[in-house]
Protein chains: 2
Amino acid sequence: MAINRKLEFATDEIALADLAKAISHPARIAILKILAQQQSCICGEIVEGLPLAQATVSQHLKELKAVGLIKGTIEGKTSCYCINWEIFNQFIARFGVFADLAKNESCQSQSCC
Amino acid sequence: MAINRKLEFATDEIALADLAKAISHPARIAILKILAQQQSCICGEIVEGLPLAQATVSQHLKELKAVGLIKGTIEGKTSCYCINWEIFNQFIARFGVFADLAKNESCQSQSCC
DNA sequence: ATTTTATATCGCAAATATACGATAAAAAAG
DNA sequence: CTTTTTTATCGTATATTTGCGATATAAAAT
């Protein structure tokens, strides 16, 4: 793009977009699924479960961590990751904004097109 | 990327990622907000409400329409857009998958890191 | 002390996304 | 019929994302 207009939007719009971007890749959806159903969240297991190179998976984990959707701690030689449910649930709750706006104007029921 | 690995993931993971990608830009979040609180969803009004050129807004609208999150109909000279709440609510409901996976393994409560 | 194992990071190539001017298309106004 | 208005699409420049080999780092094993 010629100019990055991102910062001309509202802070909460940028924040929600950033969270959505973090899960906008099937690999990162798959990672979240793996973490959701496992107690042991060792990085190596995630790599094995995905059709991607170790470096690529490490990068995807970094992105999820950057927005706070996952937490990671180093356990000796390995790294342990897991979902940060507090952030995750906050993220989902934010979608309520749209329904709230619609309710205030009583628009959701009467679709105009 | 050298090779696009997207198609090596599960269909539902790709679908959820595509929906997330559609809302992964503040302009598209802003568009959804405008549509949620307005009865008249005329394209021109959306353009006026955003810090972007008309061509750019039209492109963002196209992306939202492509994943089904919004509907659009041509009304004479103008175009009318509105949120497709059926798809929108389905999208939000899909996040339940993660909580379900976590519940099955009783992992959500006992965070491992 | 050296080697192995597990992850993270760097650097780069290729793919996508973003932004917008120019232009097309089509209805409405004059 | 010509002009204006409204929106979509094309072409293109630039920015960002994706993917991975190579390499760094650091703990564990030998």
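Letters go in sequence order (proteins before strands), and every chain restarts at 1.
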Spacing between [X] atom [atom1] and [N] atom [atom2], to the nearest angstrom:
X: A:E75; N: D:dA26; atom1: CD; atom2: P; value: 18 Å
X: B:K6; N: D:dT18; atom1: NZ; atom2: C1'; value: 12 Å
X: B:R28; N: C:dA17; atom1: CZ; atom2: P; value: 9 Å
X: B:E8; N: D:dG19; atom1: CD; atom2: C1'; value: 12 Å
X: A:L7; N: C:dA19; atom1: CG; atom2: C1'; value: 15 Å
X: B:K62; N: C:dA19; atom1: NZ; atom2: P; value: 16 Å
X: A:I31; N: D:dT18; atom1: CD1; atom2: P; value: 11 Å
X: B:F9; N: D:dT18; atom1: CZ; atom2: P; value: 11 Å

Closest to the [X] side chain, choosing from [options]:
X: B:A53; options: D:dT7, C:dC20, D:dG21; answer: C:dC20
X: A:C43; options: C:dA8, D:dT7, C:dT9; answer: C:dA8
X: A:T56; options: D:dT9, C:dT9, D:dC20; answer: D:dC20
X: B:K77; options: C:dA27, C:dA19, D:dT9; answer: C:dA27

Check your understanding: Of A:K71, A:R28, A:H25, which meets side-chain contact (heavy atoms from CB on, under 4.5 Å) against A:L64?
Key ->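 In the set A:K71, A:R28, A:H25, the residue that makes a side-chain contact (heavy atoms from CB on, under 4.5 Å) with A:L64 is A:R28.
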Would you say [N] has OP1 or OP2 under 4.0 Å from some side-chain N or O of [X]?
X: A:H25; N: D:dG19; answer: yes
X: B:H60; N: C:dA17; answer: no
X: B:N4; N: C:dA14; answer: no

Point to revise | Distance-only donor-acceptor test, A:Q59 side-chain atoms vs D:dC20 base atoms, 3.5 Å | key: yes
Exercise for review: Classify the side chain of A:Q54 and the base of C:dA8 as holding, or not holding, a donor-acceptor pair under 3.5 Å.
Suggested key: yes
Practice item. Would you mind telling me which residue lines up with the more 5' stretch of DNA chain D, B:K21 or B:S79, judged by nearest nucleotide? Key: B:S79
Review point. So what does A:A55 hit on the nucleic acid, given a heavy-atom distance under 4.0 Å: a base, only sugar-phosphate, or nothing?
Key: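 It contacts base atoms.
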Check your understanding: For B:L52, which contact category applies under a 4.0 Å heavy-atom criterion: base, sugar-phosphate, or nothing?
Key -> sugar-phosphate
Review point. Relative to each other, are the rings of B:F88 and A:F98 parallel, tilted or perpendicular (30° and 60° limits)?
Key: perpendicular
Check your understanding: Taking all atoms of both residues into account, what is the closest heavy-atom pair of B:N84 and B:G68, and its distance?
Key -> CB-O, 3.2 Å
Point to revise | For B:V67 against B:I87, the heavy-atom pair lying closest together | key: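 Result for this residue pair: O-CG2, 4.0 Å.
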Review point. Is a salt bridge present between A:D100 and B:K33, judged by a nitrogen-to-oxygen distance below 4.0 Å?
Key: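 Answer for the salt bridge query: no.
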